[in-house]
**Student:** 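There's a structure below that I have some questions on.
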Amino acid sequence: MTENIIKTDAVIIGAGPVGIFAVFELGLVDIKCHVIDILDRAGGQCTELYPEKPIYDIPGLAIVTGQELTDKLMEQIKPFGAEFHFSQRVETLERLDGGFRVTTDAGTAIEAKVVVIAAGGGSFTPKRPPLEGIEAYEGKSVFYSVRKMDTMRGRDVVIVGGGDSALDWTLNLAPIAKSLTLVHRRDEFRAAPHSVEKMRKLVAEASVRLLIGQVTTLEGEAGQLSSLVVKTAGGPERVPCNAMLPFFGLTMKLGPVADWGLNLHENLIHVDTERFESSEKGIFAIGDINWYPGKLKLILSGFHEAALMAQAAHKVVYPGKKLLFQYTTSSSSLQKKLGVK
Ligand SMILES: Cc1cc2nc3c(=O)[nH]c(=O)nc-3n(C[C@H](O)[C@H](O)[C@H](O)COP(=O)(O)OP(=O)(O)OC[C@H]3O[C@@H](n4cnc5c(N)ncnc54)[C@H](O)[C@@H]3O)c2cc1C
């Protein structure tokens, strides 16, 4: 169900490096943006797949990690006050008179004059654990992300996994859950060492229970879990559970973008190289999600595409209004938008 209807100039689907930089380029031409991402933070592939790996081919930054680049981009777009909607997947794109409406699986609806698809390799989708009947519990007592921590208050929470997400949520939810059990198949964790250390401290204090083993059975009724059976070295254990959070990693899938009636080239959105517009006026596609002859899936290509897209989007948002070409170094009007004193 739709909870909010937001009206804005541009909606950007995807908060990867290219989606973030699009906020900057659109901001320079007075276009206000809302940005949506299925992940719970900005950065796309940079923060999800290689936050600590160095990138060597960002112009002007001889070496920068995926996380650092994201942080710098987020700093750079601050003057434009874009609003981010995280942990939400854009499901539908409808055509309206003079614009579009996108709707997310969390019920947010945004109406905008232009849509910028910066969806990269597609939406990151959680991997489903191979447990019989799990689909019936999804969204009711099995969750792949936590939108509001308070929904876990007073519940018997079981977190499954050994990576950063599993450990982060163990630490965050331990104080508010009625009970918290962390289940992992071995007593070694891929998560950041300081998180593992904190988790072990909570286990030693008996605030968290750590079970080494594998969930084999879900027990419950009408989508509500009541317990899980975990196979451990000492035999099966029944664990009370009314909220299970499996963190088995993410895969990238094109997802709903494929159903929006746009011309595709091998699952990528076919764009022109002047405006980076799709087969539909007002819907642009930049970054890894687009295709044109000679396309290189590089961050710097996405940045260039964002600049040209913004010029074209200006024509849609402000029809008939002339756009002067200006440099940020010398234009006082651009500097005012950037908050330069
Ligand atoms: C290991 C690795 C190393 C790399 N090294 C380099 C390098 O050195 N230099 C370089 O230039 N490039 C490098 N790349 C490639 C670079 O990361 C990508 O080109 C870049 O991330 C593309 O940015 P993007 O914003 O287009 O897409 P992405 O970073 O993929 O971000 C897209 C975002 O859109 C979201 N999304 C998609 N669909 C939806 C939807 N329906 N609803 C909500 N959200 C949605 C996704 O969740 C994602 O967060 C590397 C990639 C990998 C995997």
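Counting convention: from 1, in listed order, for ligands and their atoms alike. Every heavy atom of this structure was used, including side-chain atoms; hydrogens, water molecules and symmetry mates were not.
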**Student:** Taking the six-membered ring for Trp and the full ring for Phe, Tyr or His, determine whether the centres of F189 and H184 are under 6.0 Å apart.
**Tutor:** yes
**Student:** State, without any angle test, whether T108 and Q88 hold a side-chain donor-acceptor pair at a distance under 3.5 Å.
**Tutor:** yes
**Student:** Could R89 and D105 be called an ion pair, given the rule that one side-chain N must be under 4.0 Å from one carboxylate O?
**Tutor:** no
**Student:** Residues around ligand 1, heavy atom under 4.0 Å from any ligand atom, sorted by chain and number. Can you pull those?
**Tutor:**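 Within the 4.0 Å shell of ligand 1, which is judged on heavy atoms, sit I13, G14, G16, P17, V18, G19, I36, D37, I38, L39, G44, Q45, L49, Y50, I55, D57, Q88, R89, V90, A118, A119, G120, G121, G122, S123, F124, M252, G287, D288, K297, L298, I299.
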**Student:** Decide yes or no on salt bridge (Lys or Arg N to Asp or Glu O under 4.0 Å) for E305 and K295, but give the supporting numbers first.
**Tutor:** CA-CA 11 Å; E305 294 160 13; K295 166 76 182 183; 2.9 Å; yes
**Student:** Quick one: are the ring centres of F284 and F276 less than 6.0 Å apart?
**Tutor:**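 That pair fails the under 6.0 Å test.
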**Student:** Any ion pair linking E237 and K231 (charged N to carboxylate O, less than 4.0 Å)?
**Tutor:**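 Looking at K231 and E237, the cut-off is not met.
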